[in-house]
Amino acid sequence: MRKIDDIIPDIGFIPALIIVVVLAIALELSGAWITMIIAGVFGGLFTRKTSRAFLAGFLGVGLGWGLLLFYLSLTAEAMAIANIFIGLLGLSGMGWLVIVVSVLIGALLGGFGGLLGRSLVEFIDDLSSKRPVPTPQS
Amino acid sequence: MKKIIKFGLSLVGPIVMIVILTMPIGPLAGGLGILQPIGGIFDVGRAVNEPTAQTVTIPGLSAEVTVLVDQWGIPHIYASTVEDAYMALGYLHAKDRLFQMVMQNYLASGRICEIVGEYAATSDKFYRTIGLARAAQRTLDWYVANSADPDVAYTLAGIDAEVAGVNAFINSMTSITTPFEFKVLGFKPQPWTRLDVFIWAKMMTWGLSGGIYDLYRQWIRSTIDNDTMYNELFPDVMPYEVPIVPEQTNLSLVEYPNAPGGVVVSSYPGESAVQISAEEAMIPQAKLQALMSLLADVFQPLGQDEILGSNNWAVASSKSATGMPILANDPHLGLQAPSLWYEAQIVVPGQLDVTGVTLPGLPAVLLGHNDHIAWGFTNVGADVLDIFVEELNPSNASEYTYNGAYRSLAVYDENIHTKEGTDIPFQVKESVHGPLIDSAVGTYGLDSESQPNIAMNWTGYGITHEILSAGKLNRAVNLTEYYDALYWWDSPPQNIIYADDAGHIAITCAGLYPIRSGYTGEYPVAAYNDSIGMTSYIPYAYIPRSVDPVQGYLQSANQRSIDTAKYGFQLLGPFDDGYRGRRIDYLLNHTASVTVDDMKMFQADSLEVSAQEIVPYVVAAWDSAGDGNGTINGIMNPLRTWDYVMDTDVYTPTLWMYLEDAIHYVVLDELRSIDSSLLLSRTPILEMIIKENYSYYLDDHTTTGQVENRDQILASALVRAINEMVQEYGTDPSNWIYGVHHRVYVDHLADFTYIGGGPQRGQNTLNAAGGWRVTHGPSWRMVADLGNIQKSYGVYPGGQSGNMFSPHWDDLFKLWYAFNETTQQYGYHQMYFYSTAAAFQAADTSGTMVERTITFVG
């Protein structure tokens with residue numbers, strides 16, 4: 001049985017990052033933050049090192065959410081909303097912190113997704129490599 | 001093995017994130033997951049960008065409804081049937097104000113713990129005790145049982161339509177249209193019901209007529225322990241008042257035999273004095289204070305009793321510059337964001353063409369005008385709630401004495417559900433007089449009773465007909481139909497002013513007023529039989545009313561309804577101090593030909609009548625008995641030329657505020673020496689003491705061997721006021737400026753944010769703005785010109801949208817707040833009033849009047 005890493009190529013960090021960004025934006029449009037783990041998993045699929053998988057997910061989703069929030073701040077009062085929200089915690093005038101926390105949440109979801117994806121791939125590939133190769137019956 | 005461990009460890013991060021993003025953090029019950037860009041709190045910003053043309057489906061609609069939303073976000077609803085119109089209104093109420101509607105109803109029904117958690121249990125216990133939800137259910141049952149009556153059927157149909165509209169919105173809610181507050185609180189609204197409509201109506205009724213004055217009166221009276229002094233300093237009726245009704249107009253008892261709300265008047269004592277047979281029941285001071293403290297702390301959506309007020313007035317054709325009546329109204333309630341009010345025009349050809357303000361959740365325009373009449377409300381302030389102290393059976397606290405036997409108390413299980421998922425067991429007991437209010441607070445250990453025994457008998461606890469009456473008023477086209485509409489208005493008592501395009505003006509102090517037998521209603525009493533209590537009510541035909549008076553105008557500002565010498569029934573207060581009534585009466589009396597602009601100026605009038613009456617005595621006193629201190633002279637000099645207007649850019653209003661307090665303090669040493677927490681009487685009493693030179697109170701009894709006269713006392717009050725002001729604000733006069741400290745705040749219902757924060761004119765003036773942090777005031781200003789109803793104006797301090805990121809969140813506030821020094825008027829918007837959508841669109845030649853269109857389809 002072929003390993004996943006043999007099927008999906010290592011396309012390099014930047015292409016993997018771009019794939020995660022696109023996926024993060026597309027999946028986030030569903031309004032379910034949990035799907036960011038899936039976006040991150042793709043970072044783990046297209047890279048080989050654990051650290052790169054984490055970074056691809058972390059930066060990819062972080063960038064994706066950052067772009068979305070930038071767009072929303074231009075078109076849909078995202079900064080004003082952030083300011084009201086942080087005001088509820090007694091930190092008025094620090095709306096930027098909410099944006100940072102939001103991006104960080106997305107980045108961590110993506111990063112952990114990347115880690116999960118890489119270790120899952122390695123785990124499955126490891127399992128498949130240990131499975132005895134069936135010998136043809138004569 | 002290594003790979004398994006690595007895989008296992010890689011699961012830790014996602015799991016931790018899922019937990020963090022879903023678990024409540026303090027009040028942020030929605031969890032941090034709501035911070036995602038889409039599907040969380042940021043979606044509410046996307047709701048702000050509404051399409052210019054939109055089609056919305058409401059199941060059950062019989063025909064298409066066109067809604068033109070004007071430049072202020074105010075919907076103008078054009079429908080074929082009344083039901084369709086109210087379905088559209090219900091949808092719009094929910095779309096713009098769902099969080100407010102839910103919060104208000106949960107608060108009223110004692111369920112706020114379900115939204116905010118168990119820390120609000122005191123509030124829930126209170127509202128479950130007074131039983132607004134139980135009263136609402138009783139009222140709903142009455143409507144259902146009487147649905148054969150065309151007016152009742154009309155009202156129920158409107159309610160059902162409103163509910164259907166609200167639910168159409170709830171069922172169609174997306175992340176974008178879900179209110180921000182629900183996301184933060186992690187709350188999902190339940191479907192709306194008929195009962196919800198009645199619960200909110202009951203809350204309005206409670207907010208405007210639920211004052212428990214008996215407890216305050218008893219506490220003050222028993223604390224002073226001197227009935228002469230109590231009667232002199234705390235009368236129910238204030239001196240110098242101009243009553244609301246100048247000439248009483250009775251209706252035919254044959255035509256209107258009942259009391260308001262269809263209450264059959266079995267008998268009434270007419271002009272005979274009340275025979276007192278029930279003894280005042282003395283409640284221990286600690287228990288009184290605990291109950292009063294609870295009442296003071298519980299959140300009242302319409303504002304606390306002591307600051308509720310309103311103005312309305314109308315001039316007849318003879319006194320109007322237009323040759324037809326002009327009517328003005330500004331109800332003073334708690335200012336909140338979103339506003340209590342939601343403005344709308346509702347047009348159903350041949351049946352309804354009405355505009356004004358609605359209460360979100362209620363299918364009626366409460367204050368406004370239609371194509372023939374205009375009307376406005378002020379609160380009567382009548383005491384329609386009495387306290388009865390029950391005698392419990394010593395061997396069974398579930399029974400009480402009544403008519404010579406023991407009766408069982410009714411028991412309601414009112415378990416409180418909390419957001420945390422726990423239930424707080426709670427029971428409310430009820431006697432024949434009403435619910436036992438000490439169920440809400442554990443005061444019954446403070447006296448010999450071990451169980452609740454203080455019953456609240458409130459007219460609003462019964463079946464009431466506010467929505468039915470408002471619906472009839474919306475459709476009324478002449479004086480007779482106005483009478484017919486108010487025949488149903490039982491609670492809360494309101495001074496309902498009227499003007500029509502036939503040239504009539506009228507005012508009715510509408511409401512159900514008890515006729516008490518065996519007691520006065522001023523203090524808690526023990527009533528062990530049915531000869532004592534609210535045994536009858538003033539017939540509608542005879543309630544205070546004035547129609548087309550000779551003076552050519554009518555006015556009300558919460559003062560005494562009618563001169564007691566001219567009226568055979570007793571109306572118990574407490575009524576307002578009367579300064580606003582005196583001022584508007586003066587202005588209307590001294591203006592020969594009143595214009596719409598005059599009406600707007602009167603609504604903005606910030607002249608402090610109490611200062612106008614008292615300050616000249618203080619100035620004269622200082623000149624006569626002052627010590628000539630140069631510093632005091634310099635500071636008080638502006639009082640000599642002050643126009644008594646509470647303006648924001650001078651310091652005389654600030655000095656007056658300190659002076660008023662100081663005069664109370666130095667004159668009423670007789671009270672403060674008894675108990676420092678006693679209210680130092682009301683300002684009209686002080687005015688009377690000064691004007692009448694009442695030497696007993698003017699003398700400072702805390703000094704020995706010395707008798708002070710009026711001038712000495714007022715001079716010392718001036719020194720005290722200036723010292724207090726300087727102590728508080730320092731010696732820099734720029735920090736004494738009124739507007740530095742007197743500022744208006746419209747707080748969000750859940751305290752998320754506020755509107756305003758700027759300097760505010762007025763105080764206890766026509767332009768009401770009490771206290772330093774102004775949180776109450778004109779919640780709606782309207783001027784209706786019956787000569788040209790198109791040229792009528794309105795505004796309220798807020799905005800149509802409950803979405804705090806919408807331009808319609810505070811645009812009306814900006815208008816309401818903007819004071820024009822040249823015209824001496826605040827801003828208003830013209831109340832666009834077109835009878836068809838096509839006419840409205842045709843009139844919008846500039847393309848600025850109509851902002852967007854919503855088409856509702858079935």
Side-chain angles (χ1 to χ4, degrees), chain A residues 25 27-34 36-37 40-41 44 50 53-54 64-73 75-85 87-89 92 98-99 101-106 108-109 111-127 130, chain B residues 1-22 25-50 174-176 178 180-181 183-185 337 748 750-754 803-807 809:
Chain A
I25 292 173
L27 290 171
E28 177 57 14
L29 292 179
S30 73
W33 50 261
I34 201 160
M36 293 308 102
I37 295 173
V41 164
T50 305
F54 179 82
W65 279 28
L67 287 169
L68 282 172
L69 287 166
F70 178 68
Y71 174 74
L72 291 175
S73 67
T75 62
E77 306 282 349
M79 273 310 295
I81 294 167
N83 274 320
I84 292 282
F85 184 82
L88 299 178
L89 303 173
S92 58
V98 176
I99 304 290
V101 169
S102 175
V103 169
L104 192 63
I105 286 170
L108 285 170
L109 283 167
F112 288 130
L115 275 183
L116 180 65
R118 180 89 303 265
S119 57
L120 185 65
V121 167
E122 289 177 4
F123 175 60
I124 293 169
D125 284 353
D126 187 50
L127 276 182
K130 285 177 180 165
Chain B
M1 188 63 186
K2 191 178 162 191
K3 301 289 181 194
I4 295 173
I5 293 170
K6 189 176 173 185
F7 174 60
L9 287 174
S10 72
L11 285 170
V12 173
I15 291 168
V16 168
M17 288 301 292
I18 289 168
V19 171
I20 288 174
L21 297 183
T22 50
I25 301 171
L28 308 178
L32 281 178
I34 60 173
L35 295 187
Q36 64 176 328
I38 308 289
I41 57 170
F42 295 106
D43 278 355
V44 292
R46 295 160 69 199
V48 167
N49 306 314
E50 304 216 48
T174 64
S175 178
I176 292 176
T178 298
F180 177 74
E181 296 90 341
K183 292 180 180 232
V184 171
L185 295 167
H748 178 258
D751 225 8
F752 280 19
T753 182
Y754 64 86
N803 182 337
M804 58 192 84
F805 311 103
S806 162
W809 164 251

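Note on naming: letters A, B, ... go to the chains in the order of the sequence lines (proteins, then strands), and numbering restarts at 1 for each one.
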Any side-chain to backbone donor/acceptor pair from Gln36(B) onto Gly106(A)? Under 3.5 Å, distance only. no
For Leu116(A) and Leu11(B), work out which heavy atoms get closest and say how close. CD1-CD2, 3.4 Å
Considering only heavy atoms, which portion of Ala32(A) lies under 4.5 Å from any heavy atom of chain B: side chain, backbone, both, or neither? backbone
Nearest heavy-atom contact between Ile105(A) and Leu32(B) is CD1-O, 3.8 Å
To the nearest 0.5 angstrom, please state how far the CG atom of Asp126(A) sits from the CZ atom of Phe7(B). 12.5 Å
With rounding to the nearest 0.5 Å, note down the distance linking CE in Met804(B) to CD in Glu77(A). 12.5 Å
List in chain and number order the residues that pass side-chain hydrogen bond (donor to acceptor under 3.5 Å, both in side chains) with Glu28(A), two or more places apart in sequence or in another chain; answer none if no residue qualifies. none
I'd like to know which of Thr753(B), Val48(B), Ile4(B) tops the heavy-atom pair count under 4.5 Å against chain A. Ile4(B)
May I ask you to test the Phe112(A)-Val16(B) pair for a side-chain heavy-atom distance under 4.5 Å? no
Between the CG atom in Leu9(B) and the OG1 atom in Thr50(A), the distance rounded to the nearest 0.5 Å is 11.0 Å
Are the side chains of Trp33(A) and Ile18(B) in touch, meaning some heavy atoms are under 4.5 Å apart? yes
Between atom CD1 of Ile5(B) and atom OG of Ser119(A), what is the distance when rounded to the nearest 0.5 Å? 12.5 Å
Quick check for you: among Leu120(A), Ile37(A), Val98(A), which has the greatest number of heavy-atom pairs under 4.5 Å with chain B? Leu120(A)
Separation between NZ (Lys3(B)) and CD1 (Ile124(A)), nearest 0.5 Å, reads 12.5 Å
Go through the atoms of Leu21(B) and report whether side chain, backbone, both or neither lie under 4.5 Å from a heavy atom of chain A. both
If you count the non-hydrogen atoms of other residues, nucleotides and ligands that lie under 6.0 Å from CZ in Phe752(B), is the total more than 12? yes
Heavy-atom pairs under 4.5 Å with chain A, option from Gly39(B), Gly33(B), Gly40(B), Gly45(B) with the top count: Gly45(B)
Here the pair of heavy atoms bringing Phe42(B) nearest to Leu72(A) is CB-CD1, 4.0 Å
By the salt bridge (charged side-chain N to carboxylate O under 4.0 Å, His left out) test, which pairs, at least two apart or in different chains, include something from residues 12-22 of chain B? none
